[in-house]
2 protein chains.
Amino acid sequence: MARGDARGTTGAGRGRRRTERPVPEGPPTLATVAARAGVSRQTVSNAINNPALLAEDTLAKVERAIADLGYSPNLAARTLRTRTTRLIGLPFEPAQEGTANALMDRFVHTLVEATREMGYHVLLFASDPEEAEVGYERMLRSTAVDAFVVTDTYRGHPQVDYLQQRGALFVAFGRPWSHDDDGEPPTHPWVDVDGAAGVAQATHHLIDRGHEVIAWLGWTADQPIGEDRRAGWMSAMRGRGLSTTRLSVRGDGTMEYGRRATHALIDARRPTGLVCVSDTVAMGAMRALHERGLVAGRDIAVTGFDDSQVAQTVSPGLTSVRQPLEEVARALAHRLELLLGHRPVEEPGLLLQPTLVVRESS
Amino acid sequence: MARGDARGTTGAGRGRRRTERPVPEGPPTLATVAARAGVSRQTVSNAINNPALLAEDTLAKVERAIADLGYSPNLAARTLRTRTTRLIGLPFEPAQEGTANALMDRFVHTLVEATREMGYHVLLFASDPEEAEVGYERMLRSTAVDAFVVTDTYRGHPQVDYLQQRGALFVAFGRPWSHDDDGEPPTHPWVDVDGAAGVAQATHHLIDRGHEVIAWLGWTADQPIGEDRRAGWMSAMRGRGLSTTRLSVRGDGTMEYGRRATHALIDARRPTGLVCVSDTVAMGAMRALHERGLVAGRDIAVTGFDDSQVAQTVSPGLTSVRQPLEEVARALAHRLELLLGHRPVEEPGLLLQPTLVVRESS
DNA sequence: CACGCGGCTTGGAACGTTCAACACGGACCG
DNA sequence: CGGTCCGTGTTGAACGTTCCAAGCCGCGTG
């Protein structure tokens with residue numbers, strides 16, 4: 001051991017006195033760089049965090065040393081000192097197989113990308129939907145993350161209330177669904193996709209193709225997202241003066257539901273267009289058509305929602321509403337950046353427009 | 001500044017003069033708990049990390065204080081001291097839309113769950129496949145993670161070599177594909193799914209149903225995974241004394257490839273069974289059948305690989321090989337646990353068996 | 001010429017934890 | 001009976017970074 005005074009010294013004197021410094025084990029530190037550049041620790045720190053403070057030549061010298069040694073700051077030490085982890089927590093719910101989890105892949109990926117550009121990383125953590133607070137609380141108390149991205153504001157989302165009164169920083173994928181039991185409505189930043197507008201697009205698309213009897217296959221009425229989408233169908237129909245009576249069906253989102261509902265609708269109302277709340281339901285509808293010897297797109301038009309892998313692959317291709325998940329992720333990242341910089345978020349809520357991907361089914 | 005003696009003191013004198021105590025801002029620390037329990041810092045630390053060292057009543061006292069204050073250790077401080085982040089890095093490649101990314105959801109979720117049970121979290125980071133080393137290097141130098149889970153050992157995986165000679169800890173989803181240009185073969189822990197066995201199952205399934213002319217629709221020959229699966233078809237056919245000549249086709253994995261190849265095969269060889277390297281290719285095959293007025297499962301049997309959402313949803317349902325991704329994740333987590341505990345991994349490699357999910361297409 | 005000031009740099013202290021070394025009483029052993 | 005060891009608990013010192021107050025220098029100003 002006894003590594004001598006500094007790594008970068010030209011070995012002029014080599015008069016290393018005593019057992020001063022232990023082996024260079026491990027990555028270089030601020031002190032290592034400072035010794036090499038001939039400045040103090042703090043100056044190196046400034047070179048990294050506040051380069052404007054340094055004189056030009058000093059900065060160059062330090063940067064040179066940093067590059068030579070391949071130094072990067074120890075995150076733990078920085079975290080300890082600044083109380084900032086540069087980590088974003090993303091709760092990861094138990095995957096419900098068969099639903100739209102594939103979508104999340106697009107979303108998560110862009111989120112990782114966007115947060116990386118602002119110097120942050122994404123930390124996954126399991127969140128038991130029953131006891132969601134437990135997971136969040138542990139994260140907060142151990143100061144493991146700086147902020148959260150909440151993605152499941154859907155079903156009643158107690159997390160949002162909890163986080164808000166806990167004073168935690170977070171942004172939400174999903175608007176605050178009118179939740180005014182007590183006190184003011186939530187004011188956290190959020191980004192969402194305008195489902196109603198997407199479904200309205202799909203409905204208009206069918207109307208433009210000459211359809212007049214267009215049915216809605218939705219989710220149960222307790223799901224705000226489903227009701228939002230339904231409103232899009234409703235307004236599109238009314239806007240063009242078309243009747244909606246006995247054309248709206250609700251149920252769980254399964255394929256089997258879609259299949260049966262379609263059979264029932266055809267028997268009762270002979271619709272020529274089916275606007276569905278999800279691709280899964282739309283697939284059920286297409287199966288029902290198939291069972292009757294009908295062809296989607298020729299005999300009856302069908303549209304879905306999510307532009308899932310299935311919609312893209314199935315034959316005939318399923319017309320579907322595609323959410324701009326990449327944009328959502330980027331917008332959320334931007335809000336996070338403001339939030340973390342303690343700057344005001346000028347416009348907390350943002351509603352993005354989805355696009356209609358037209359395929360053979362319509 | 002001058003944080004005073006301890007937070008837990010009963011305010012006997014209340015003689016706090018001026019600007020003495022800066023409010024107990026922030027979460028409780030070891031010292032807070034220690035004061036409350038009437039023991040030293042270190043004793044509290046031991047209560048958490050090494051409870052066996054404490055006397056029974058002391059332990060109870062400390063645990064009581066911990067619960068009362070709702071204390072959890074500051075991770076940054078612990079990391080700084082122990083050089084252990086309790087984080088696992090998971091590189092997140094640019095999603096290639098349309099391929100089997102939905103699978104990863106199942107995998108990632110179980111991984112999060114399993115690592116949580118061992119007290120670890122999963123950290124996502126973007127990894128440019130071109131410059132993979134950069135991402136890993138940054139993670140390592142800033143001591144951001146303790147280990148990696150590498151999932152893309154597929155195409156040439158330079159990462160594995162790099163990590164190995166860098167001395168980094170990691171486990172791989174995917175076996176080391178015989179890579180012996182120089183030096184010994186990689187010896188890192190890995191878990192993989194026996195694709196050949198899966199395809200052999202599918203092939204046997206078709207043979208048992210009376211099929212004799214069974215074709216293979218694979219990927220290009222440079223993809224080890226594809227060739228592995230192909231070997232399963234080949235061995236199953238030969239094992240039952242069936243010919244394979246002019247029944248094997250290779251190409252990119254697109255639906256269009258599957259469609260064309262199927263048309264060509266039917267014209268040339270009139271197969272009654274099609275074993276496909278992926279669900280996507282199988283969907284192309286089914287489309288070709290449809291175009292010829294044939295029905296999958298009645299006229300010609302088709303099998304896929306991955307048991308994707310599409311296979312489950314499409315009509316007729318697609319028979320497919322399902323990978324035990326949950327088991328893979330758990331096995332990897334277990335290996336990580338050994339690796340991180342510096343215990344020897346008795347059996348570094350593990351090959352898991354997939355299962356065949358039979359549906360109407362066969 | 002003393003003084004103040006701004007630009008640049010510096011050493012000391014702190015963040016909260018764990019490691020190393022050691023103190024203390026009692027039991028065990030030669 | 002003296003030494004050693006075990007069980008239990010304590011204190012000081014690190015880990016690598018950033019904040020704070022202060023130092024140094026040259027220069028313009030009263």
Side-chain angles (χ1 to χ4, degrees), chain A residues 1 20-35 37-62 65-66 69 71-86 119 141-144, chain B residues 1-7 19 22 24-62 65-66 69 71-86 119 141-144 146:
Chain A
M1 12 217 101
E20 263 298 336
R21 200 168 296 269
V23 220
E25 203 75 42
T29 77
L30 265 193
T32 323
V33 179
V39 296
S40 74
R41 287 195 320 275
Q42 184 59 33
T43 302
V44 179
S45 175
N46 285 337
I48 294 169
N49 301 312
N50 237 330
L53 289 181
L54 299 197
E56 199 171 328
D57 52 342
T58 317
L59 181 58
K61 214 168 39 177
V62 174
I66 289 179
L69 293 170
Y71 165 80
S72 19
N74 181 306
L75 296 181
R78 172 179 283 176
T79 296
L80 180 58
R81 188 64 243 227
T82 63
R83 312 195 140 285
T84 286
T85 62
R86 319 220 104 206
R141 270 216 294 261
S142 51
T143 51
Chain B
M1 50 192 72
R3 179 137 64 70
D5 24 47
R7 285 177 201 176
T19 77
E25 201 76 40
T29 78
L30 266 191
T32 322
V33 178
R36 171 131 182 169
V39 296
S40 73
R41 288 193 321 271
Q42 184 61 35
T43 302
V44 180
S45 175
N46 286 336
I48 294 170
N49 301 313
N50 237 331
L53 288 181
L54 299 197
E56 199 171 328
D57 53 342
T58 318
L59 181 58
K61 216 168 36 177
V62 174
I66 290 179
L69 294 171
Y71 166 80
S72 16
N74 181 305
L75 296 181
R78 173 179 282 175
T79 296
L80 180 58
R81 189 63 244 233
T82 63
R83 312 193 141 286
T84 286
T85 62
R86 321 219 99 203
R141 270 217 293 263
S142 50
T143 49
D146 291 348

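Letters A, B, ... mirror the listed sequences (proteins, then strands); counts begin at 1. Since this is a predicted model, take the numbers as computed values, not measurements. The figures that follow rest on heavy atoms only: side chains count, while hydrogens, waters and symmetry mates do not.
For B/Thr82, no side-chain nitrogen or oxygen approaches OP1 or OP2 of D/dC15 to under 4.0 Å. In this model, the phosphate group of D/dC15 is not approached by any side-chain N or O of A/Thr29 to a distance below 4.0 Å at OP1 or OP2. Within the structure, a side-chain polar atom (N or O) of B/Asn49 is placed less than 4.0 Å from OP1 or OP2 of C/dT18. Between A/Asn46 and C/dT9, a side-chain N or O to OP1/OP2 separation shorter than 4.0 Å is absent. Residue B/Ser45 places at least one side-chain N or O closer than 4.0 Å to OP1 or OP2 of C/dT18.
At whole-Å resolution of the value, CZ in A/Arg78 and C1' in C/dG16 are 18 Å apart. Rounded to a whole Å, the CG atom of A/Leu53 is 11 Å from the P atom of D/dC19. We find that CG of B/Leu54 is positioned 13 Å from P of D/dG7, with the value rounded to whole Å. Going from atom CZ of A/Arg141 over to atom C1' of C/dT17 covers 17 Å, rounded to whole Å. Per the geometry, CZ belonging to B/Arg41 stands 11 Å off P belonging to D/dT10, to the nearest Å. Distance CD (A/Gln42) to P (C/dC8): 15 Å, rounded to an integer number of Å. Regarding B/Ile48, its CD1 atom lies at a distance of 11 Å from the C1' atom of C/dT18, rounded to whole Å. The interatomic distance linking B/Leu80 (CG) with C/dA14 (C1') rounds to 12 Å, in whole Å.
No N or O donor and acceptor, one from the side chain of A/Arg83 and one from the base of C/dG16, sit under 3.5 Å apart. Residue-to-nucleotide contacts include a donor-acceptor pair under 3.5 Å from the side chain of B/Arg81 to the base of C/dT18.
Between B/Leu80 and A/Ala76, the shortest heavy-atom contact is N-CB, 3.8 Å.
In this structure, CD1 on B/Ile66 lies 8.5 Å from CG on B/Leu59, to the nearest 0.5 angstrom.
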